[in-house]
S.K.: 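Please find one structure pasted underneath; my questions will follow.
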2 protein chains.
Amino acid sequence: MLSTLQDEKQDPRVKRTRSLILNAFMEILPEKGFQSVSVQDITEKAGINRATFYAHFPDKYALLDHSISQMFRQEIEKRMLDACHYSDENLKTLIVTVCEFVSNANSHCKPSSLQFESLVEAQVKNQLQGLLQVWLEQDDSDVDAKTAATAASWAIYGLVLQWSHDKNKKKPSAEKFADQVLPLIAVNLRLAQPA
Amino acid sequence: MLSTLQDEKQDPRVKRTRSLILNAFMEILPEKGFQSVSVQDITEKAGINRATFYAHFPDKYALLDHSISQMFRQEIEKRMLDACHYSDENLKTLIVTVCEFVSNANSHCKPSSLQFESLVEAQVKNQLQGLLQVWLEQDDSDVDAKTAATAASWAIYGLVLQWSHDKNKKKPSAEKFADQVLPLIAVNLRLAQPA
DNA sequence: TGTTCTAAACAACAGATGTTGTGTAGTTTA
DNA sequence: TAAACTACACAACATCTGTTGTTTAGAACA
């Protein structure tokens, strides 16, 4: 399921234990939800001693943060968004990716909680911002890449969250939604002038 | 310091205890920082029993959320931003307000923590979004107020946060910063078309 | 293969959270 | 003004977190 991160030589026990923790966490999350899962729950499921958990992660929040980061990065890599340049088509794919990711995160972790959602948010926004900034810097335009990437990544996330919380029967598909908001985002990516 | 919220008839003990909690919290926060302050600390400072705290707030996070909400609302009301209409001038004032609020929050609560910052963020964004939506709905244009307010409030917060974390010697003042990002935000508030 | 190093198990502890039932005190009502 | 209602104090409890020192077991090294 979750592949190991570090390709360099690592003590096999460390890799094994870390993998046990991550796998146990991903199994238990849909059952219990993030808020009510405890470190004790996770370590029981993983079959390791609770004190060992703290050698790998400072707390369950760090574990969630790491898991989200890894999963979202996989979604980006799967679509090769990290290896392409800025275009409206790629921006649309990015927005759809975020839609799908947020929807999946919320439906596989019931009941959701504020802390869960804010960690998902922080992680996804961070990666969005990094990616958009790289895209813009490759583009050789005179836009302030950092400012543009910040405004756009935050706006994307805000809009996606609103879309994902939409209980309306007429809620558009992720594709249609992305088409609708694309102009709004694209203009941010063009308008930020260097100070 | 903190005024009571409920103007309707409320048991004086409830008001008194609540006020003790809020005041104690605001006193202890700059000393200890949010992360290391405990409910026990707060109730000791307030001179009430710990179990009583839970009759008023489910946890310290809810207490922080409530405090931020109230303080930010006061900042909005102080500048009468809740009683005016949308204009570039008022939008600029709003951005400056957020800058000042975020700067003050971060400097009066050292060491800051992720959870503190994400609660400040959630609360400020929420109020920003509400206010911008009201402004746009009053404006009688054909823009999708909700979408525009979402994109803009998130972009404002993202940009302000980046500004507030800027360690650069040449960091612009809040006023100058607001001038710089105003075009970026303003265009969001004009571009969201009804679906 | 034996030695050294490192990760994990284990038990125990202190501190904090969240809850509960009972008694006390303050407020409201008739 | 007494009775009824409600908020708070209090003590106790279970659960969880984070930490620590010691022992055991696995991995790396010579």
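Quick caveat: nothing in here was measured; it's all calculated off a predicted structure. Atoms considered below: every heavy atom in the structure, side chains included; atoms not considered: hydrogens, waters and symmetry mates. Every chain is numbered from 1, with letters handed out A, B, ... down the list of sequences.
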S.K.: To the nearest Å, how far apart are A:Asp59 CG and C:dA16 C1'?
M.R.: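 From A:Asp59 CG to C:dA16 C1': 15 Å.
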S.K.: Would you kindly give the CD-to-P distance between A:Glu44 and C:dC10, to the nearest whole Å?
M.R.: 12 Å
S.K.: Quantify the bending of the helix from C:dT1-D:dA30 to C:dA30-D:dT1 as the angle between its end axes, each fitted on five pairs, to 10°.
M.R.: 30°
S.K.: Can the ring centres of A:Phe25 and A:Phe57 be said to be less than 6.0 Å apart?
M.R.: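 Between A:Phe57 and A:Phe25, which both carry aromatic rings, the centre distance is not below 6.0 Å.
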S.K.: Once you round it to whole Å, what is the distance between P of C:dT17 and CD of B:Gln115?
M.R.: 13 Å
S.K.: Once each nucleotide of nucleotides 3-16 of chain D is scored for protein heavy atoms under 4.0 Å, what B/S/- sequence comes out, 5' to 3'?
M.R.: ---BBSSB-----S
S.K.: Please check if B:Val96 and B:Val181 belong to a single hydrophobic cluster, counting links between Ile, Leu, Val, Met, Phe, Trp and Tyr side chain heavy atoms closer than 4.5 Å.
M.R.: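 No, B:Val96 and B:Val181 fall in different hydrophobic clusters.
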S.K.: Counting distance only, does the side-chain N/O of A:Asp41 pair as donor-acceptor with the main-chain N or O of A:Ser38 below 3.5 Å?
M.R.: yes
S.K.: Applying side chain to side chain contact (heavy atoms under 4.5 Å, CB included) to A:Val102 and A:Tyr157, what does each step give before you reach the verdict?
M.R.: CA-CA 9 Å; A:Val102 170; A:Tyr157 201 87; 3.7 Å; yes
S.K.: How many whole angstroms separate atom OH of B:Tyr61 from atom C1' of C:dA16?
M.R.: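 Interatomic distance, OH of B:Tyr61 to C1' of C:dA16: 11 Å.
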S.K.: Between B:Lys92 and B:Glu89, does at least one N-O distance fall below 4.0 Å, as a salt bridge requires?
M.R.: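 Looking at B:Glu89 together with B:Lys92, the answer is no, because their closest N to O distance does not fall below 4.0 Å.
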S.K.: Quick one: A:Leu63 CG to D:dG18 C1', roughly how many Å, whole number?
M.R.: 16 Å
S.K.: A:Gln40 and A:Glu44: side-chain donor and acceptor closer than 3.5 Å?
M.R.: yes
S.K.: Using atom NZ of B:Lys60 as one end and atom C1' of C:dG18 as the other, report the distance to the nearest whole Å.
M.R.: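 About 15 Å, once rounded to whole Å.
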S.K.: Where do A:Leu159 and B:Trp154 land on the side chain to side chain contact (heavy atoms under 4.5 Å, CB included) test, with the steps shown first?
M.R.: CA-CA 9 Å; A:Leu159 292 168; B:Trp154 283 69; over 6 Å; no
S.K.: Could you tell me whether A:Glu137 and A:Lys146 make a salt bridge, using a distance below 4.0 angstrom between a side-chain N and a carboxylate O?
M.R.: no
